[in-house]
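Okay, handing you the structure first.
Computed from a predicted model, the values in this text were never measured in an experiment. Just follow the structure's listing: the first ligand is 1, and inside any ligand the first atom is 1.
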Amino acid sequence: MTHLESLALRFTHTPHKTELWILDQTVLPLKEDWILLDTVHQTIAAIKALKVRGAPLIGVVAALSLGQSAVKGSTLKQLQDEAHALYSARPTAVNLMLCMNRMIAGIQSKKTPEALLGTAIDIYNEDVQLCEDIANNGTALIQDGDNILTHCNTGGLATAGIGTALGVIRKSRQQGKTIHVYVDETRPLLQGARLTTWELKKLDIPYTLVTDNMAGHLMQLNKVQKIIVGCDRIAANGDFANKIGTYALAVLAQYHTIPFYVAGPYTTMDWHCADGNQIPIEQRNASEVSGVKGVFGQILWAAPDSPVYNPAFDVTPAELVTRWILNCGVFTRVDFDQGSVRQRIPCHI
Ligand code: MRU
């Protein structure tokens, strides 16, 4: 029997049943609803709707869903089609593509269903370890007394483990450092306000929620010592895509000479993207900006049929990043320019 359990995912595999459950992140923190994903079709819908989200976790869930499909008897042709459909469920986070490529390689080499599921379980376990390594590498950058600003959600809800940026915060706190977190609400889908506050509260880490447009004011008042964010795709030159609003924080950080750190696993590196201009940016539905869809239904606050621009991510240029905290070390821009990051991370997609 295999049982995997993280903050947002539960997976059980026995000779009699294979079940994949996710915590519905669209209704947190008001409701803690677990959803059973029986088919790849359901998994794709859940990924698109952000019921499951975060660059590492969508890759892990997609792999487990495909593994489940294999042990439930799908043919190699069906698995191949399902893998391709999962691959394009969301376009920006490269982790999903990496995980699908690993699974597709297994399908093409005609691995047994159990072996394919084994690859997915390896992907889950690796992600747990990658989070630990990122956190261990990042804590050296956090000082006792720091007020740390973060954006979006990068914790246990976004990974199989303790998270990336939030993992660094969590580990620093475990080491006994007194820290306080400013949580950006993260418009339009409020991953900061809904998810990061929920996690920090559970972890008993002191935090204050602010709206995104308060970040500059906080920096001007010297209330922020560090900024740490996650990432969805890092280009070969160190430019990276992350939740919309990250770029504005990086510009503000430079003006106020505040260290700006980005944390992520090697599975977020894309050596095929020479720079950030080549990273595809997901465009989402207008209704996310013109109103809100919550547990009480859809509320519209903009004038009906207002034109809307809703990119889910933006790109932060490498020149605004103080350090990249990866699972294999902490890097500077010089490390990217001189190729030492590339030496540590092979080309994988
Ligand atoms: O649209 P989301 O909620 O999936 O966006 C998530 C982010 O932008 C995170 O910062 C990123 O995936 C890193 S999560 C460890």
Next on the checklist: With a heavy-atom distance limit of 4.0 Å, tell me whether Cys152 approaches ligand 1 through its side chain, its backbone, both, or neither.
Outcome noted: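 Contact part for Cys152 vs ligand 1: side chain (C-beta onward).
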Item to check | Check: Gln191 and Arg53 side chains under 4.5 Å, non-hydrogen atoms | outcome: yes
Checklist outcome for this item: For Lys243, the ligand 1 atoms with a heavy-atom partner under 4.0 Å come out as 1 (O), 2 (P), 5 (O), 8 (O)
Checklist entry - How far apart are the C-alpha atoms of Leu141 and Thr322, what are their side-chain angles, what is the distance that settles it, and do they pass the side-chain contact (heavy atoms from CB on, under 4.5 Å) test? => result CA-CA 11 Å; Leu141 299 169; Thr322 313; over 6 Å; no
Item to check | Numbering as shown, the atoms of ligand 1 that approach Ala158 to under 4.0 Å (heavy-atom distance) | outcome: 14 (S), 15 (C)
Checklist entry - Tell me: protein heavy atom nearest atom 15 (C) of ligand 1, and distance? => result Thr164 OG1, 3.2 Å
Item to check | Distance filter under 4.0 Å to Gly54 heavy atoms, resulting ligand 1 atoms | outcome: 4 (O), 12 (O)
Checklist entry - Is the closest basic N to carboxylate O distance between Asp212 and Arg187 below 4.0 Å? => result no
Next on the checklist: In this structure, does ligand 1 have an atom that sits under 4.0 Å from one of the heavy atoms of Gly163?
Outcome noted: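 Contact absent.
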Checklist entry - Against heavy atoms of Arg90, which atoms of ligand 1 measure under 4.0 Å? => result 1 (O), 2 (P), 4 (O)
Checklist entry - Can a salt bridge be assigned to the pair Lys177 and Asp144 using a cut-off of 4.0 Å between side-chain N and carboxylate O? => result no
Item to check | Side chain, backbone, both or neither: His151 near ligand 1, heavy atoms under 4.0 Å | outcome: neither
Next on the checklist: Heavy-atom count check: over 12 atoms from other residues, nucleotides or ligands less than 6.0 Å from Lys201 NZ?
Outcome noted: no
Item to check | Heavy atom of Pro56, distance to ligand 1 below 4.0 Å | outcome: yes
Checklist entry - In terms of atom number and element, which parts of ligand 1 are under 4.0 angstrom from non-hydrogen atoms of Gln191? => result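 Atoms satisfying the 4.0 Å criterion: 1 (O), 2 (P), 3 (O).
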Item to check | Numbered atoms of ligand 1 (with element) below 4.0 Å of Asp232, judged on heavy atoms | outcome: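 That gives atoms 7 (C), 8 (O), 9 (C), 11 (C), 12 (O) of ligand 1.
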Checklist entry - Can you check whether Phe313 has an N/O within less than 3.5 Å of an N/O in ligand 1? => result no
Checklist entry - What protein heavy atom is closest to atom 13 (C) of ligand 1, reported as residue, atom name and distance in Å? => result Cys231 O, 3.4 Å
Next on the checklist: Using side-chain contact (heavy atoms from CB on, under 4.5 Å), reason through Arg233 and Gln278 one step at a time and then give a plain yes or no.
Outcome noted: CA-CA 10 Å; Arg233 193 184 297 222; Gln278 292 166 34; over 6 Å; no
Item to check | No-hydrogen, no-angle side-chain donor-acceptor test under 3.5 Å, Thr26 and Asp24 | outcome: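 Yes.
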Next on the checklist: Could you work out, for atom 3 (O) of ligand 1, the closest of Glu282, Gln25, Arg53 by heavy-atom distance?
Outcome noted: Arg53
Checklist entry - What is the ring orientation for His84 with Tyr87, classed by angle as parallel under 30°, tilted 30 to 60°, or perpendicular over 60°? => result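 Because their plane-to-plane angle lies in the 30° to 60° range, the rings of His84 and Tyr87 count as tilted.
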Checklist entry - Would you call Glu19 and Arg10 a salt bridge, taking side-chain N to carboxylate O under 4.0 Å as the test? => result no
Checklist entry - Are the aromatic ring centres of Trp324 and Phe240 under 6.0 angstrom apart? => result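 Trp324 vs Phe240: aromatic centres not under 6.0 Å.
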Next on the checklist: Test your reading of the structure: does Asn242 have an N or O sitting under 3.5 Å from an N or O of ligand 1?
Outcome noted: yes
